[in-house]
Amino acid sequence: MCGRYALGLQRAEIRALPGYPNIEIGEWANETDFMPRYNIAPNSQAPVIRRRDASSPDLQMQTMRWGIPYGKVRAKSQQAINACSENIMEGAGMWNKYRNTNRCVVVSQGYYEWQTKGKEKLPHFTKHGDGKVMLMAGLYHVSDETNPNYFFAIITTNASPSLSWLHDRQPAILKSDADVTKWLDTSSYAWSTELGKLLRPTEGLLCYQVPKEVGKVGAESPAFVQPVSTRKDGIEAIFAKQRTKQEGKNEGIKRKRSLTSSVQSEPDRKEDESRKTECKKLKVE
């Protein structure tokens with residue numbers, strides 16, 4: 001499952017698609033509807049890449065809403081944010097009408113997943129280790145209204161062996177320019193086994209624990225994509241506080257010892273003075 005991801009880059013950098021030099025993007029439809037965020041949740045507006053039309057190789061970016069509505073009521077609670085690769089390859093259910101012509105690519109820096117550890121759920125961020133953006137395979141829906149609305153879902157597949165400890169699913173990631181081009185080529189208006197091969201698990205990703213605050217919808221911070229082990233308000237800060245606290249305790253102990261020493265030395269001085277006085281008396285006598 002993929003229920004949260006990050007895209008906090010500026011729009012110009014998003015257009016450039018770091019790590020995919022041969023993918024050229026034309027216009028960005030509804031660009032101003034997207035605000036760069038490190039905590040993109042379902043029902044948010046976010047950019048995806050698609051063909052301008054099935055017969056043209058020209059690509060465009062378009063801001064769409066995350067979650068394809070389904071059912072007769074089509075309420076917000078009835079949204080498909082993910083699509084299982086197995087169902088898509090089989091052409092099962094609602095995905096059969098999208099897989100031939102409505103394929104898209106969801107742009108991200110990486111995605112969040114929660115590890116269940118006892119009673120705790122610990123968020124982790126997974127991304128490419130080389131700094132390139134993460135392009136996830138997706139499908140999109142266009143409403144049949146006079147002014148159509150656009151919605152998308154992220155395709156998931158089985159987790160790779162190296163990430164199976166975290167969750168049993170992961171997004172289907174398109175790793176190269178060629179993969180992206182092949183996935184977005186809808187000119188045949190048909191599905192193929194070659195397309196299915198693109199929806200395999202991805203190895204070699206970087207994964208680490210991030211702040212729990214990312215779990216709150218609406219919360220926003222660039223620190224959400226930083227490891228808790230290195231961020232300033234994370235583990236290092238905790239250790240620093242512990243060191244400061246310990247140093248304070250040590251200083252307190254030193255002060256106590258100093259005071260004790262002062263108190264103990266007072267009788268000694270009195271005793272010395274008494275002895276001097278006694279000596280003077282002896283000399284006089």
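Being a predicted model, the structure only gives us computed values, none of them experimental.
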>> For Glu113 and Gln115, which I'm curious about, is there any donor-acceptor pair between the side chains at under 3.5 Å?
In response: no

> Going through the checks in order, is the side-chain contact (heavy atoms from CB on, under 4.5 Å) test met by Ile154 and Ile81?
Replying inline: CA-CA 6 Å; Ile154 297 170; Ile81 62 171; over 6 Å; no

> Tell me, do His124 and Gln209 make a side-chain contact under 4.5 Å, heavy atoms counted?
Replying inline: yes

> Do Val48 and Val105 touch side chain to side chain, with heavy atoms closer than 4.5 Å?
Replying inline: no

> Can you tell me how far the NZ atom of Lys97 sits from the CG atom of Asn102, to the nearest 0.5 Å?
Replying inline: 9.5 Å

> Atom NZ in Lys197, atom NZ in Lys182: separation rounded to 0.5 Å?
Replying inline: 8.0 Å

> Quick one: does Leu7's side chain get under 4.5 Å of Pro47's, heavy atoms only?
Replying inline: yes

>> Let me confirm one number: the OG1-NZ distance from Thr116 to Lys121, rounded to the nearest 0.5 Å.
In response: 3.0 Å

>> When you measure from the side chain of Thr157 to the backbone of Leu199, do you find a donor-acceptor pair of N or O atoms at a distance under 3.5 Å?
In response: yes

> Quick check: does any side chain N or O of Tyr111 sit under 3.5 Å from a backbone N or O of Met136, one acting as donor and the other as acceptor?
Replying inline: no

> Does the side chain of His141 come under 3.5 Å of the side chain of Tyr98 through a donor N or O and an acceptor N or O?
Replying inline: yes

> Rounded to the nearest 0.5 Å, how far apart are NZ of Lys216 and CG of Asn39?
Replying inline: 11.0 Å

>> Tell me if a side-chain donor or acceptor on Arg99 pairs with a main-chain N or O of Ile88 at a distance below 3.5 Å.
In response: yes

> What pair of heavy atoms forms the shortest contact from Ala190 to Asn100, and how long is it?
Replying inline: C-OD1, 3.5 Å

>> Using 0.5 Å steps for rounding, measure from the CD atom of Gln45 to the CZ atom of Phe34.
In response: 10.5 Å

>> For a side-chain contact (heavy atoms from CB on, under 4.5 Å) check, start with the C-alpha distance between Asn158 and Asp168, then their side-chain angles and the critical distance, and finish with the verdict.
In response: CA-CA 6 Å; Asn158 289 323; Asp168 60 355; over 6 Å; no

> Are Leu122 and Leu163 in one and the same hydrophobic cluster, where Ile, Leu, Val, Met, Phe, Trp and Tyr link if side-chain heavy atoms are under 4.5 Å apart?
Replying inline: no

> Hey, are the side chains of Ile40 and Arg4 touching, using non-hydrogen atoms and a 4.5 Å cut-off?
Replying inline: no

> Taking it one step at a time, do Ile173 and Leu205 satisfy side-chain contact (heavy atoms from CB on, under 4.5 Å)?
Replying inline: CA-CA 11 Å; Ile173 299 165; Leu205 299 174; 3.7 Å; yes

> Does Ile49 reach the side chain of Leu184, with side-chain heavy atoms less than 4.5 Å apart?
Replying inline: yes

> Is the shortest heavy-atom distance from the side chain of Tyr20 to the side chain of Lys132 under 4.5 Å?
Replying inline: yes

> Would you call Lys175 and Glu203 a salt bridge, taking side-chain N to carboxylate O under 4.0 Å as the test?
Replying inline: no

> Looking only at heavy atoms, what is the nearest atom pair of Thr126 and Cys207, with distance?
Replying inline: OG1-SG, 3.4 Å

> Are Lys212 and Glu120 close enough for a salt bridge, meaning some N to O gap below 4.0 Å?
Replying inline: yes

> Would you say Gln226's side chain and Val210's backbone share a donor-acceptor pair under 3.5 angstrom?
Replying inline: no

>> I'd like to know if Val133 and Met35 are part of one continuous hydrophobic network [Ile/Leu/Val/Met/Phe/Trp/Tyr, side-chain heavy atoms within less than 4.5 Å].
In response: no

>> For Ser85, run the side-chain contact (heavy atoms from CB on, under 4.5 Å) check against Arg169, Glu90, Arg200 and tell me which one passes.
In response: Arg169

> Is there a donor-acceptor pair under 3.5 Å between the side chain of Thr186 and the backbone N or O of Tyr189?
Replying inline: no

> Could you walk me through whether Glu31 and Arg15 pass the salt bridge (charged side-chain N to carboxylate O under 4.0 Å, His left out) check?
Replying inline: CA-CA 11 Å; Glu31 179 178 352; Arg15 279 178 174 274; 3.2 Å; yes

> Short question: side chain of Ser187, backbone of Ala54 - any donor-acceptor pair under 3.5 Å?
Replying inline: no

> Which pair of heavy atoms, one from Met64 and one from Phe151, lies closest together, and at what distance?
Replying inline: SD-O, 4.0 Å

> Sub-3.5 Å donor-acceptor pair from the side chain of Asn43 to the main-chain atoms of Gln79, do we have one?
Replying inline: no

>> Minimum heavy-atom separation for Trp114 and Pro123, please, with both atom names.
In response: NE1-CB, 3.5 Å

> Of Leu174, Asn22, Leu59, Ile23, which is the lone residue that meets side-chain contact (heavy atoms from CB on, under 4.5 Å) with Thr181?
Replying inline: Ile23

> Is the gap between the ring centers of Tyr38 and Phe224 under 6.0 Å?
Replying inline: no

> Hey, what do you get for CD (Glu194) to CG (Asp185), rounding to the nearest 0.5 Å?
Replying inline: 12.5 Å

> Hey, what's the ring geometry for Phe152 with Trp66, parallel, tilted or perpendicular (30° and 60° as the breaks)?
Replying inline: parallel

>> Ser44 vs Arg37, test: side-chain contact (heavy atoms from CB on, under 4.5 Å). Steps then yes/no.
In response: CA-CA 10 Å; Ser44 299; Arg37 297 197 62 199; 4.2 Å; yes

>> Tell me if a side-chain donor or acceptor on Asn149 pairs with a main-chain N or O of Ser143 at a distance below 3.5 Å.
In response: no

> Just by modelled atom types, is the Asp58 backbone N or O under 3.5 Å from a matching donor or acceptor in the Arg51 side chain?
Replying inline: no

> Got a donor-acceptor contact below 3.5 angstrom from the Trp183 side chain to the Leu195 backbone?
Replying inline: no

> Is it true that Arg50 and Glu27 have a side-chain N and a carboxylate O under 4.0 angstrom from each other?
Replying inline: no

> If you take all heavy atoms of Pro201 and Ala159, which pair is closest and at what distance?
Replying inline: CB-C, 4.1 Å

> With hydrophobic residues grouped by side-chain heavy-atom distances under 4.5 Å, do Phe125 and Val217 end up in a single group?
Replying inline: no

> What pair of heavy atoms forms the shortest contact from Ala153 to Ala80, and how long is it?
Replying inline: CB-O, 3.5 Å

